[in-house]
Amino acid sequence: LLSLGVLIAALMIGLVVWVSRRRLSLRGELAIAVGRREFVVHYQPIIELKSGICVGAEALVRWRRPDGQMEQPDIFIPIAEESGLIKDITDQVIENVMKDLGGLLAADRSLHVAINLAAVDIHSGRVLQVIQRALAGTNVLAQQIWLEATERGFMDVTSASATIDEARRLGHSVAIDDFGTGYSSLQYLKDLPLDALKIDKSFVGTVGLDAATSSITPHIIDMAKTLDLLIVAEGIEQQRQADYLVEHGVQYGQGWFFSKPLAAADFAAFYHARQKE
Ligand code: C2E
Ligand code: CA
Ligand code: CA
Ligand code: CA
């Protein structure tokens, strides 16, 4: 019995060591990837639910390794945040968006692109200068660049308010992302001058079904309306969900039902195909 305990303990220690080594090596690889600018951006269409028209896209980062392998953000964003590399990744995303869609954005003023910011980007506010610099010399308007961050970015209300105020003064819209999954204090939400709220896909997945969380979704929608926020629903995979959301007055949505995230050229084609007749 004792030796079994020892064996299990040894296995556990081995696992912990393996996981932390793996993280360390990923962190090292990530630093190199930042230096080599190995990040690309995919664009998931955002649809006006009532009309089916495409009004914009969410920029979603991917890490393309030299061998062509694509790493998804869930793997590397947490490590990038921990190590401080996220700032450089945010900068590269902004630069890529302008490079990929600058022409399209300048040609069509009703199109917007939403960029995901990390908590540290909201806290420091430095990212706003990076965006201004990227916009300078293009015809793209600041109004066309939307910013998203999760609740973690807005917890420190003082710094968050300062960044949101400045972003809005410049013309950007600001959305709270993944709403309902974090601590969700309604108080701070009320105190922040936000423009939009993104309903997390975990709440969209259950709408119209008889699950416990499906009863939360209408409350989130009501609350967003009370606070006068635009609503974007994410993770729409089925017609039933899109129908429910339209019926409940949700303006915008995204999800596989409409399109997966697309490479820039494919997004441009999707966008043109999904305009008013
Ligand atoms: P998010 O901001 O909530 O982005 C939505 C995620 O849901 C994306 O995953 C998207 O591909 C996925 N998704 C879209 N439609 C559907 C659907 O119908 N069903 C399902 N099951 N999933 C759907 P992705 O691209 O893997 O990104 C994961 C997360 O990584 C993002 O969640 C965001 O928090 C973070 N992230 C992505 N790009 C960036 C970035 O440029 N900067 C930062 N700081 N974070 C990013
Ligand atoms: Ca997002
Ligand atoms: Ca989200
Ligand atoms: Ca999410």
Sub-4.5 Å side-chain heavy-atom contact between S259 and R274
no
Side-chain contact, heavy-atom cut-off 4.5 Å: V40 with D100?
no
Could you tell me how the ring of W63 sits relative to the ring of F76: parallel (under 30°), tilted (30 to 60°) or perpendicular (over 60°)?
perpendicular
Under the salt bridge (Lys or Arg N to Asp or Glu O under 4.0 Å) criterion, do R65 and E29 qualify, and how do the steps go?
CA-CA 10 Å; R65 289 179 181 268; E29 292 170 49; 2.5 Å; yes
Flag, side chain of T163 to backbone of A160, donor-acceptor distance under 3.5 Å:
no
When you measure from the side chain of D91 to the backbone of V130, do you find a donor-acceptor pair of N or O atoms at a distance under 3.5 Å?
no
Can you tell me how the ring of F267 sits relative to the ring of Y271, calling it parallel under 30°, perpendicular over 60° and tilted otherwise?
tilted
When you measure from the side chain of H42 to the backbone of L60, do you find a donor-acceptor pair of N or O atoms at a distance under 3.5 Å?
no
R240 (side chain) donor-acceptor with V207 (main chain) under 3.5 angstrom:
yes
Are V157 and F179 connected, step by step, through hydrophobic side chains (Ile, Leu, Val, Met, Phe, Trp, Tyr) whose heavy atoms are closer than 4.5 Å?
yes
Quick one, D266 with K260, criterion salt bridge (Lys or Arg N to Asp or Glu O under 4.0 Å). Give me CA distance, side-chain angles, the key distance, then yes/no.
CA-CA 11 Å; D266 295 329; K260 294 215 168 178; over 6 Å; no
Is there a donor-acceptor pair under 3.5 Å between the side chain of S173 and the backbone N or O of W146?
no
